[in-house]
Amino acid sequence: MTLARIRTTLATGGSRSKDAAADFVLVRLPAAHRRVLADEARAIYRELAAESWDALRDRVRRHADHQVAEIERPAADP
């Protein structure tokens with residue numbers, strides 16, 4: 001959720017809630033990365049699920065790596 005917020009702020013120049021940032025990023029994510037943000041991370045953030053990342057570690061790592069790559073991409077790139 002934090003990486004989504006950073007990415008959204010850099011892309012839009014404005015600050016949004018973590019939920020709004022997740023919505024912004026979800027439509028821009030490849031399908032392989034959507035579920036970890038849309039379902040697991042958001043449920044933990046909303047306290048609808050216990051915070052347990054062990055089972056999700058590999059998927060979260062791939063998602064985080066993708067988000068960081070997008071954050072580091074120059075603003076002129078689509």
Side-chain angles (χ1 to χ4, degrees):
M1 299 291 288
T2 299
L3 291 173
R5 196 166 188 201
I6 292 168
R7 183 175 171 190
T8 301
T9 300
L10 291 173
T12 66
S15 182
R16 297 182 185 186
S17 70
K18 286 183 178 179
D19 271 327
D23 290 338
F24 177 87
V25 169
L26 280 170
V27 298
R28 291 160 176 81
L29 283 176
H33 295 291
R34 288 186 195 133
R35 185 171 173 212
V36 73
L37 178 60
D39 297 339
E40 285 91 353
R42 191 174 258 175
I44 291 168
Y45 168 72
R46 292 177 176 169
E47 299 181 352
L48 300 173
E51 188 164 345
S52 176
W53 296 101
D54 291 339
L56 303 171
R57 187 172 311 277
D58 291 338
R59 288 183 31 227
V60 169
R61 169 57 67 190
R62 288 189 301 271
H63 172 78
D65 289 345
H66 176 80
Q67 288 283 63
V68 169
E70 290 299 314
I71 289 166
E72 292 176 339
R73 181 185 301 250
D77 289 354

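Note that the coordinates shown come from a computational prediction; the quantities given were computed from them, not determined experimentally.
The nearest pair of heavy atoms linking Thr9 to Ser15 is OG1-CA, 4.1 Å. Nearest heavy atom pair, residue Leu29 against residue His63, reads CD1-CE1, 3.7 Å. What you find for Ile44 and Ser52 is that their closest heavy atoms are CD1-N, 4.3 Å.
Between Asp23 and Arg42, some side-chain heavy-atom pair lies under the 4.5 Å cut-off.
Screening residues 1-18 for salt bridge (charged side-chain N to carboxylate O under 4.0 Å, His left out), with sequence neighbours left out, gives Arg7-Glu70. Residue pairs satisfying the salt bridge (charged side-chain N to carboxylate O under 4.0 Å, His left out) criterion with at least one member in residues 44-53, sequence neighbours excluded, are listed as follows: Asp19-Arg46.
Expressed to the nearest 0.5 Å, how far CG of Leu37 lies from CZ of Arg59 amounts to 11.0 Å. The structure places OG1 of Thr2 at 11.0 Å from CD of Gln67, a figure rounded to the nearest 0.5 Å.
Using a 4.5 Å cut-off between side-chain heavy atoms of Ile, Leu, Val, Met, Phe, Trp and Tyr, with links allowed through other members, Tyr45 and Phe24 fall into the same hydrophobic cluster. Met1 and Leu3 are members of different hydrophobic clusters when ILVMFWY side chains are connected at heavy-atom separations under 4.5 Å. Ile6 and Val25 are members of different hydrophobic clusters when ILVMFWY side chains are connected at heavy-atom separations under 4.5 Å.
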Carefully, step by step, assess Arg57 and Asp54 under the rule salt bridge (Lys or Arg N to Asp or Glu O under 4.0 Å). CA-CA 5 Å; Arg57 187 172 311 277; Asp54 291 339; 2.7 Å; yes
Worked check of salt bridge (Lys or Arg N to Asp or Glu O under 4.0 Å) between Asp58 and Arg62: CA-CA 6 Å; Asp58 291 338; Arg62 288 189 301 271; 5.1 Å; no
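Ring orientation note: the planes of His33 and His66 are close to parallel, at an angle under 30° on the 30°/60° scale.
Leu48 forms part of no hydrophobic cluster, judged by ILVMFWY side-chain heavy-atom separations under 4.5 Å.
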